[in-house]
Amino acid sequence: MREFAYLRAADVAEAVELAGPQGKYLAGGTNLFDLMREEVERPERVVDISRLPLSAIEPLPGGGLRLGALARNAHVAADDRVRRRYPVLARALLKGASPQLRNRATVGGNLVQRTRCRYFYDLTAACNKREPGAGCDALGGFNRTHAILGASPNCVAVHPSDMCVALAALDATVNLTGPDGERSVPVTGFHLLPGGTPHVETVLRNGDLITSVDLPPERPWHGDYVKVRDRASYAFALVSLAVLLDVRHGRTVAARIALGGVAHKPWRAYSAEEQLVGAAADEAAFDRAAAAAVAEARPLDHNAFKAELARRLVRRTLVELAGQS
Amino acid sequence: MNVAARGFSLAMRAVGRVSALLPDGRHDPLSGRPGEIGRDIARLDGPAKVSGGIRYTADRVPARLAYAVTVPSSIAKGRITAVDSSRALAAPGVVLVMTHENAPPMKPTGAYSTLRSPVAAAAMTLPIMNTDRVFWHGQPVAVVVAETQEQAEHAARLVEVSYAAEPAVVTMSDEAAHTPAHSVLEESKTVVGAPHAALADAAVVVRGVYTTPPEHHNALELHATVAAWDGDDLTVHDTSQYPYGVKEMLAKKFGLPPERVHVLAPYIGGGFGGKTTAWPHVALTVAAAGLAGRPVKLVLSRAHTFHMTGGRAPTRSRVTLAADTGGRLTAIVHDALSTCTTDEFAEAAIVPSRHLYATPNLAVHQRVARVDRIQNAFFRGPGVTPGSFALESAMDELACRLGLDPLELRLRNEPARDPVSGRRFTSRHLREAYRLGAEAFRWDERSPAPRATRDGHWLVGQGMAAAINPDAVLVAAVRLRLHADGTVTIHSSTNELGAGTSTAQTQAAAQRLGVPMDRIRFLQGDSDVARTRIPGASAATTTLASAIWNARDRLVRELLTLAKGTDSPLAGRRPDEVETRDEGIFTTGGRGETYWRILERAGREHVEVTGRSAVPYQTVKRGTSTYGAHFAEVRVDEDTGEVRVSRWVGAFDGGRIVSPRQAASQMRGGIIQGIGMALMEETLLDERSGRIVNAGLADYHIPTHADVPDIEVRFVDVPDPQTPLGAKGIGELGIVGVAAAIANAIHHATGTRVRDLPITADKLLQHDGRLGVR
Ligand SMILES: Cc1cc2nc3c(=O)[nH]c(=O)nc-3n(C[C@H](O)[C@H](O)[C@H](O)COP(=O)(O)OP(=O)(O)OC[C@H]3O[C@@H](n4cnc5c(N)ncnc54)[C@H](O)[C@@H]3O)c2cc1C
Ligand code: SF4
């Protein structure tokens with residue numbers, strides 16, 4: 001690990017000031033420390049925000065729920081309100097990482113965690129995300145775990161989070177404080193596609209600090225989070241899926257479908273949702289939606305199975321949820 | 001076949017002819033007797049281990065210690081053209097940077113891996129850090145020594161190495177293959193009868209190509225070495241499965257008389273063969289400590305464990321089985337290929353095909369292809385583990401083709417003698433293992449047809465496979481000291497790998513000497529105790545038992561000599577007239593006295609004897625192996641291809657079981673490692689660079705608790721009449737056959753046969769070019 005300045009902020013404003021454009025916030029440290037030890041990230045300044053009063057989970061006026069940026073993943077998953085009203089989020093969190101990691105990991109850190117692409121971690125490999133313009137070794141290398149949707153020739157990495165997939169389905173909002181004040185962005189717009197700038201992963205700029213995430217008021221959804229991985233526990237998703245479905249009198253009134261492990265960001269399958277809303281909640285519609293979810297898929301050498309896997313998962317989960325309605 | 005291979009074959013045949021004339025092994029009087037042996041007790045070192053009471057190698061912090069970190073090469077083959085250490089040397093806390101330019105000369109030694117040079121435990125002959133050549137990606141090209149681990153890690157990244165790269169070969173191909181001199185000490189090519197004619201005439205023939213990937217051991221404890229020079233005396237703590245071999249290697253490399261080199265390794269946190277040979281970092285730590293003039297510790301990071309210690313070589317097996325309509329094998333043909341380096345060690349997948357089934361016609365041929373990778377290593381069940389995946393999958397395919405129950409097929413082909421050598425077995429109770437396992441699993445309730453059982457979207461299936469592992473008694477000695485208070489200390493230069501060796505040996509020694517267990521201290525892992533040649537855990541139980549048996553006989557002789565001419569009831573007795581029991585020596589008529597009384601009368605503080613393991617000619621004369629049968633149930637998600645192992649019964653013939661709980665844990669551990677091999681383990685090497693890309697436990701998956709079902713272990717527990725205690729070594733047996741049992745169960749569940757490990761969801765989904773499972 002390189003030497004760096006370790007700073008501790010007393011409040012949000014000071015944190016933003018201390019960080020400046022180049023600083024890194026330290027929350028649970030479960031991702032940042034690994035990246036620093038491997039020297040993939042080499043911040044000169046690390047601003048420890050872990051003691052800031054941002055861990056609360058509070059009701060919002062109008063019925064939503066606010067998750068403090070420093071609320072631990074384990075804490076959020078165990079929160080009674082989250083479990084009752086947003087079970088899809090609790091399930092997603094519990095399918096991520098290990099109990100030890102969830103005890104450390106925070107809401108903010110989980111949003112900003114970086115890809116697990118092996119070439120990104122390997123300083124001897126070519127990686128545009130680590131070093132813009134260097135090339136992408138994943139393209140001709142091991143890309144079984146990489147993106148099938150929304151990728152660019154510059155980067156085919158995926159965002160590894162489970163939590164964010166559920167947040168995308170819930171249409172959550174991310175609240176930020178930056179040098180120019182506060183602002184809010186929908187979580188679906190928080191992460192970016194790689195395009196020509198794969199090193200730019202989120203809308204965070206110039207020391208923006210995530211202060212909280214807002215969950216909108218609950219709706220009468222039936223929802224589920226499913227995750228397919230290479231072992232039964234403690235593995236990142238090959239494909240994961242958050243689905244929320246509202247079926248009344250045999251018709252789909254509302255539907256949200258978000259996929260994980262397939263793109264540079266949690267992937268909302270809007271076209272699949274369009275196939276469902278207003279139509280009869282039957283297998284034909286679910287088939288159409290499942291096909292639409294992966295219609296744009298562009299597989300690489302080793303990951304064609306992901307499209308089929310995603311299609312089957314979407315279909316099966318819709319059938320199961322409709323059965324509960 | 002090349003000259004070396006032919007020479008080896010001739011030598012083996014000569015040994016076979018001579019050994020047939022040898023007498024059988026001496027029957028161990030203890031082998032059937034009840035007592036401490038076979039008692040179900042907990043591991044004696046358990047409480048100390050779980051309470052942090054045991055110091056492992058990396059826990060050692062001698063005074064003035066400095067910390068070393070290795071720098072891996074970033075090319076797979078070529079030459080180092082320049083090393084610039086200036087930035088590293090200028091970094092805070094850096095003591096020195098060692099490269100091929102300033103490293104002391106280290107004499108090349110034979111490589112233990114070839115099994116031709118048992119003397120030194122070196123993993124390879126390559127003169128690492130005494131040459132500018134690069135032989136694999138990740139080879140240590142510099143060592144940075146600093147005041148702290150963190151400073152060393154940081155400075156290691158500042159060492160700038162320039163290379164002239166050359167084209168490297170990292171994947172195996174038929175074109176580059178040759179026949180190795182031997183295949184785990186058996187010949188590499190054997191033909192019995194007329195296999196190809198038999199194939200042409202056979203009623204049923206199945207053919208398959210089965211592949212296993214490179215794998216790494218991933219013992220929980222990282223490799224670590226702590227070296228301290230005191231003038232010309234060298235003390236090394238090392239995570240070695242073979243301290244005596246490390247001692248010999250270091251003596252040779254540094255030109256020291258062996259008595260000046262002291263290697264200690266009392267406790268090892270798992271080895272699985274990966275710590276049998278000393279990888280280059282061991283000698284490099286010693287060299288760095290010499291340069292630094294102070295003790296140096298090097299702990300390989302998990303990533304460096306992948307780059308700087310070898311794993312199991314990949315294998316590809318072509319297996320053809322022929323049978324008559326009654327399910328009797330008429331031919332086994334097994335051609336296998338694996339990788340090797342200049343120090344040729346074949347991951348000989350052909351091994352099980354030589355010994356498991358009766359067949360009049362057989363052809364096995366092992367080949368290896370040289371690659372520019374790190375030397376491949378021994379790994380739990382060398383050869384037999386990947387080989388059994390091939391053979392036991394093929395047997396399942398044959399059973400399906402014949403419409404015969406896979407267990408019944410195996411019973412019909414159980415041999416009376418070794419199918420290749422014709423030798424009799426010291427003992428073989430595989431039929432009994434099949435019976436025990438099948439009964440516990442309720443195998444008879446299995447429906448014969450694949451895809452017959454479902455539970456929601458889970459397809460459920462059962463599969464089985466046989467296990468076999470060669471058994472041997474090797475060379476060890478123990479120093480046994482009987483103290484005046486009647487307690488006993490036994491020193492052995494073997495060590496505790498975590499398998500429970502010390503517990504089992506304490507049980508055995510207690511019964512051998514007639515002393516309660518709590519009066520025995522069993523100490524291990526000191527190279528200075530005696531010459532030992534047991535790098536593999538499977539041989540520890542019987543080898544040590546043999547040495548302790550010998551020590552007991554010598555002790556009796558010593559004590560009877562002390563009693564001679566005294567008023568002792570033992571005066572004038574001969575060794576064959578007495579027994580050791582009740583903390584003393586007694587005649588069958590019940591006359592005798594306690595150990596402490598003999599010592600007291602003689603005015604002795606203690607009596608010390610050295611016991612050596614007997615030359616195990618009975619295992620050369622006869623085939624000696626351990627056997628087993630795995631019965632597995634899996635659930636396969638028909639939509640996703642995810643596999644979960646839901647039930648397991650393993651039944652084993654390991655002769656007499658000395659310490660049942662330790663033995664069952666060993667088998668469970670092997671089965672869990674086998675589940676990893678079957679479903680997830682694979683060292684991924686990028687062919688473009690030769691670099692291992694998943695060098696860490698986040699990417700190289702091993703089973704988690706959620707991947708492991710309840711595992712029921714049964715033992716036949718019948719003593720082998722020709723081995724010490726009637727026991728056999730079982731440390732490796734558990735993993736053998738596991739992958740095939742799972743592949744066979746997956747086939748039974750889904751109708752899909754995957755012949756390429758690991759069996760991941762995508763392979764089930766994309767099988768045979770069609771999207772499968774459903
Ligand atoms: C072995 C392993 C397995 C894992 N498995 C999974 C898995 O299966 N599923 C899954 O979803 N995740 C998994 N994770 C990832 C884990 O969820 C993340 O590491 C964790 O959520 C990061 O949170 P943290 O608080 O520790 O972040 P940190 O490591 O502290 O920070 C991560 C990044 O976020 C930034 N950051 C943190 N807080 C803020 C804030 N408030 N505002 C702005 N920026 C901020 C930091 O500057 C840094 O760049 C795994 C991690 C490991 C190590
Ligand atoms: S996929 Fe992205 S992160 Fe991975 S190597 Fe390519 S550019 Fe780097």
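Convention: sequence-line order gives letters A, B, ...; per-chain numbering from 1. Just so it is clear, the values below take in all heavy atoms, side chains as well, and ignore hydrogens, waters and symmetry mates.
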(request) Identify which part of Ile75(B) has an atom lying under 4.5 Å from any heavy atom of chain A, answering side chain, backbone, both or neither. (result) neither
(request) Could you tell me the separation between the CG atom of Asp699(B) and the CZ atom of Phe142(A), rounded to the nearest 0.5 Å? (result) 11.5 Å
(request) Indicate the atoms forming the closest heavy-atom contact of Glu38(A) with Arg157(B), along with that distance. (result) CA-NH2, 3.4 Å
(request) Write down the atom of Gly140(A), the atom of Arg688(B), and the distance for their closest heavy-atom approach. (result) C-NH1, 3.3 Å
(request) State the CG-OG distance between Leu123(A) and Ser74(B), to the nearest 0.5 angstrom. (result) 11.0 Å
(request) Check each atom of Ser233(A) against the heavy atoms of chain B and say whether the ones under 4.5 Å are side chain, backbone, both or neither. (result) both
(request) Sorted by first residue and then second, give each ring pair (Phe, Tyr, Trp, His ring centres under 6.0 Å) pair with at least one member in residues 676-701 of chain B; sequence neighbours left out. (result) Phe306(B)-Tyr700(B)
(message) Show the nearest heavy-atom pair for residues Val693(B) and Tyr119(A), with the distance to one decimal.
(response) CG1-CE2, 3.9 Å
(request) Give me the one residue out of Arg2(A), Glu39(A), Arg37(A) that meets side chain to side chain contact (heavy atoms under 4.5 Å, CB included) with Glu153(B). (result) Arg37(A)
(message) Around atom CD of Glu687(B), are there more than 12 heavy atoms from other residues, nucleotides or ligands closer than 6.0 Å?
(response) no
(request) Heavy-atom distances under 4.5 Å only: say whether Ile692(B) touches chain A with side chain, backbone, both or neither. (result) neither
(request) Check whether any side-chain heavy atom of Arg118(A) sits under 4.5 Å from a side-chain heavy atom of Leu684(B), and report yes or no. (result) yes
(request) Using the side chain to side chain contact (heavy atoms under 4.5 Å, CB included) rule, take Arg231(A) and Glu642(B) through it: C-alpha gap first, then chi angles, then the decisive distance, then the call. (result) CA-CA 8 Å; Arg231(A) 63 182 168 191; Glu642(B) 284 170 291; over 6 Å; no
(message) Assess whether a salt bridge exists between Asp637(B) and Arg316(A), defined as any Lys/Arg side-chain N lying under 4.0 Å from an Asp/Glu carboxylate O.
(response) yes
(message) Please check this pair: side chain of Asp707(B) against backbone of Ala232(A), looking for a donor-acceptor N/O pair closer than 3.5 Å.
(response) yes
(request) Please round to the nearest 0.5 Å and tell me the distance separating atom CD of Gln766(B) and atom NE2 of His302(A). (result) 10.5 Å
(request) Identify which part of Asp137(A) has an atom lying under 4.5 Å from any heavy atom of chain B, answering side chain, backbone, both or neither. (result) both
(message) Please give me the minimum heavy-atom distance between Leu309(A) and Asp639(B), naming the atom from each residue.
(response) CD1-O, 4.2 Å
(request) Counting only heavy atoms closer than 4.5 Å, note whether Pro758(B) contacts chain A via side chain, backbone, both or neither. (result) neither
(request) Begin from the C-alpha positions of Lys306(A) and Asp762(B) and carry the test side chain to side chain contact (heavy atoms under 4.5 Å, CB included) through to its verdict. (result) CA-CA 8 Å; Lys306(A) 280 192 175 185; Asp762(B) 49 322; over 6 Å; no
(message) Distance check, rounded to the nearest 0.5 Å: Phe305(A) atom CZ versus Leu764(B) atom CG?
(response) 11.5 Å
(message) Could you work out, with side-chain hydrogen bond (donor to acceptor under 3.5 Å, both in side chains) as the rule, every residue matching Asn694(B), not counting sequence neighbours?
(response) none
